[in-house]
Amino acid sequence: MAAPNIETIVSLSKRRGFVFPASDIYGGLGSSWDYGSLGVELANNVKQSWWRWLVHERDDIEGLDSSIVQNRLVWKYSGHETTFSDPLVDCRECKSRFRADKLEYPKISDDTETQKAFENTPIEDLIKAKNFPCPNCGLKNLTEPRPFNLMFRTTVGAAAVEEDESALAYLRPETAQGIFINFKNVLDTSRRKLPFGIAQIGKAFRNEVTPGNFIFRTREFEQMEMEYFCRAEDAPRIHQEFIDAFQVWFYSLGISAENLKLYEQTAEELAHYAERTVDILYRFFPEREDEEKQFDELMGIANRKDFDLKAHSKKPEDAAGKRVNPDTTDDLSYFDPQTNERFYPYVIEPAVGVNRTLLAILMDAYTEKINDKGETRVILKLKPELAPIKVAVLPLAKNKPEIVAMARTLKKDLLTTMRTVYDDTGGIGKLYARQDEIGTPFCVTVDHESLEDNAVTVRDRDTWEQERVAISELKEYLQKRLG
RNA sequence: GCGGGAGUAGCUCAAUGGUAGAGCGUCAGCCUUCCAAGCUGAAUGUUGCGAGUUCGAGUCUCGUCUCCCGCUCCA
């Protein structure tokens, strides 16, 4: 059972310390969120799962951690300086919004001369003269195009001033480019041969026009991106393999198949670099009536062709024999010693949002259970691997010093092996409920009998069943059940 | 950015223009042999922020910020 909606998760997150609104005491900052003690553990576990699965276990992928601020030319040749700046116009009448560069001349007259004259006037001038009809309502009352810069601008150098173009830099809008510009470095030092991948986890920044929906779309976010380099003829097959593999990975994180969906991007939707892109969608909005609209993007898996490596290389020339990229000092082509060919590898890019994955995991793990008294209890059925806390050690009664002492010792013994906490601020029922709500798989309870028989009760989060386990075997028992 | 809605304790919400409250949660003590028990006590608010009207503003007016829902973009 998934959470009824994102609001439920927001409320739980604030209440229990997964996610807080950022700079809250100063009134907050649009779409910024801070991760609390449980949130950071969960996020780290997600990232670790991804890294281990791709970089450590596959054996054909290297890790990388590149700079957030790069030379501005990186973003010039990646295409972001032009594509990440959209001129937008609004219709004052029907409130629709359009990209000015994608507007088309409508037919306004049967008279070819009139129509021709109309089409020869720049759209921007027509809009200014209130002579261009809104594609939606047809009324001629559009606002002038305003540029929306999706990239965060900053200046490099302590003495640089805001207007100094030479000091202008951007916070990266994606981590991918850091990988492409390091392709040669990694290739040479790791002695890899095609096919192989480079993986990176890191923050990216976009001045989204419309952020929102909690941590679903924020201006500062974290990506787990991997660029897999291969021969052009292998790209479609490898692309499909990753599409399949990532679905399985999401299953392994506890996300149910019924809340996941594939989406094939249409030709119009494809990014400037992509040949084919398949998104994996998650049911982030189960409360929406239209089933289609319940789903939104969790990750994208793109075939970027050889666009990026070529764009950053010095050899490609245009029709006139001029270098397409006169600024780069290197050529990112690959030489195959077996076939004596030199070419630009194709790239398959699975890009996952850390924050979105976290949200999907929380929503999917959210479960409500009715207890014997008919009250609703919240259980976060997180995979043990992802749970921020693995074990809570609880004294059944805290007015017995022997029980408390035993529980504290037990906690100390366990925490070197697994994340363990101790809690005695409440009756046993409340302590269990609290751990259920934050997804702790097991509670270990020390009672009066424990003092006699050196055994404790282990309670299962999902079934609420209890089992008596000897303290001497406890650590091994828990490790086994935690997987 | 535009349109619509909303901001009161950690959460959920009260409070005719007249002393800012409740429940839950949190914390401390007592009690307690297993699923948010009970008792006692405590902390927590410049009512988002700033002006204005008024003898007096949580309440009325204006500005501003933030959040939510749509429009564009994407992980």
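All values below were derived from every heavy atom in this structure, side-chain atoms included, with hydrogens, water molecules and symmetry-related copies excluded. Fair warning: this is a prediction, and the values are worked out from it, not measured in the lab.
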Quick one: what's the B/S/- string for nucleotides 30-37 of chain B, heavy-atom cutoff under 4.0 Å, read 5' to 3'? --BBBBBS
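Although no hydrogens or angles enter the test, the distance criterion places no donor-acceptor pair under 3.5 Å between the side chain of A:T218 and the main chain of A:I215. The backbone N or O of A:C443 lies less than 3.5 Å from no partner atom in the side chain of A:T445, so there is not a single donor-acceptor pair.
Using a 4.0 Å heavy-atom cutoff across all strands shown, A:T175 reaches no nucleic acid atom at all. In this structure, A:F205 reaches neither bases nor backbone, as no heavy-atom distance under 4.0 Å exists between it and the strands shown.
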With side chain to side chain donor-acceptor pair (under 3.5 Å) as the criterion, how do A:D244 and A:Q240 come out once you've worked through the C-alpha distance, each side chain's angles and the decisive distance to 0.1 Å? CA-CA 6 Å; A:D244 299 338; A:Q240 190 57 49; 3.2 Å; yes
Worked verdict on A:R16 versus A:E437 for salt bridge (Lys or Arg N to Asp or Glu O under 4.0 Å): CA-CA 8 Å; A:R16 288 303 176 193; A:E437 212 175 28; 2.6 Å; yes
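With P as the reference atom, B:A9 and B:A20 are 16 Å apart, rounded to whole Å. Across B:C68 and B:A42, the matching P atoms stand 38 Å from one another, rounded to whole Å. Across B:G21 and B:C30, the matching P atoms stand 31 Å from one another, rounded to whole Å. Taking the C1' atoms as reference points, B:C65 lies 23 Å from B:U53, given to the whole Å. Separation of the C1' atoms belonging to B:U59 and B:A6 is 16 Å when rounded to the nearest angstrom. For the P atom pair drawn from B:U54 and B:G45, the interatomic distance equals 31 Å after rounding to whole Å. Taking atom C1' in both B:C60 and B:G3, one finds a spacing of 25 Å when rounded to whole Å.
Pair check for B:U54 finds none; no Watson-Crick or G-U wobble contact set falls under 3.5 Å. Across every strand in view, B:A6 sits in a pair with B:U66 that passes the Watson-Crick or G-U test at under 3.5 angstrom. Applying the Watson-Crick and G-U wobble criteria (two distances, each under 3.5 Å), B:G41 pairs with B:C27. Base pairing annotation: B:A22 forms a Watson-Crick or G-U wobble pair with B:U12, both donor-acceptor distances under 3.5 Å.
Remark: aromatic rings of A:F214 and A:W33 are close, center separation under 6.0 Å. Between A:F242 and A:Y228, a ring centre-to-centre spacing shorter than 6.0 Å is recorded.
Spacing between atom CZ of A:F221 and atom P of B:C73 amounts to 16 Å, rounded to whole angstrom units.
Looking at the side chain of A:T425, the nearest of the listed nucleotides B:C73, B:C68, B:A28 is B:A28.
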Using the 3.5 Å cut-off, write out each protein N or O paired with an N or O of nucleotides 7-9 of chain B and the distance between them.
none

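Among residues two or more places apart in sequence or in another chain, the ring pair (Phe, Tyr, Trp, His ring centres under 6.0 Å) test is passed with A:F284 by A:F216, A:Y282. For A:F205, the ring pair (Phe, Tyr, Trp, His ring centres under 6.0 Å) test picks out no residue, with sequence neighbours left out. For the side-chain contact (heavy atoms from CB on, under 4.5 Å) test, residues two or more places apart in sequence or in another chain that qualify with A:T425 are A:D423, A:R434.
Residue pairs meeting the side-chain hydrogen bond (donor to acceptor under 3.5 Å, both in side chains) criterion with at least one partner in residues 391-407 of chain A, sequence neighbours excluded, do not occur; the list is empty.
For B:C74, its base sits under 3.5 Å from the side chain of A:R217 at one donor and acceptor pair at least.
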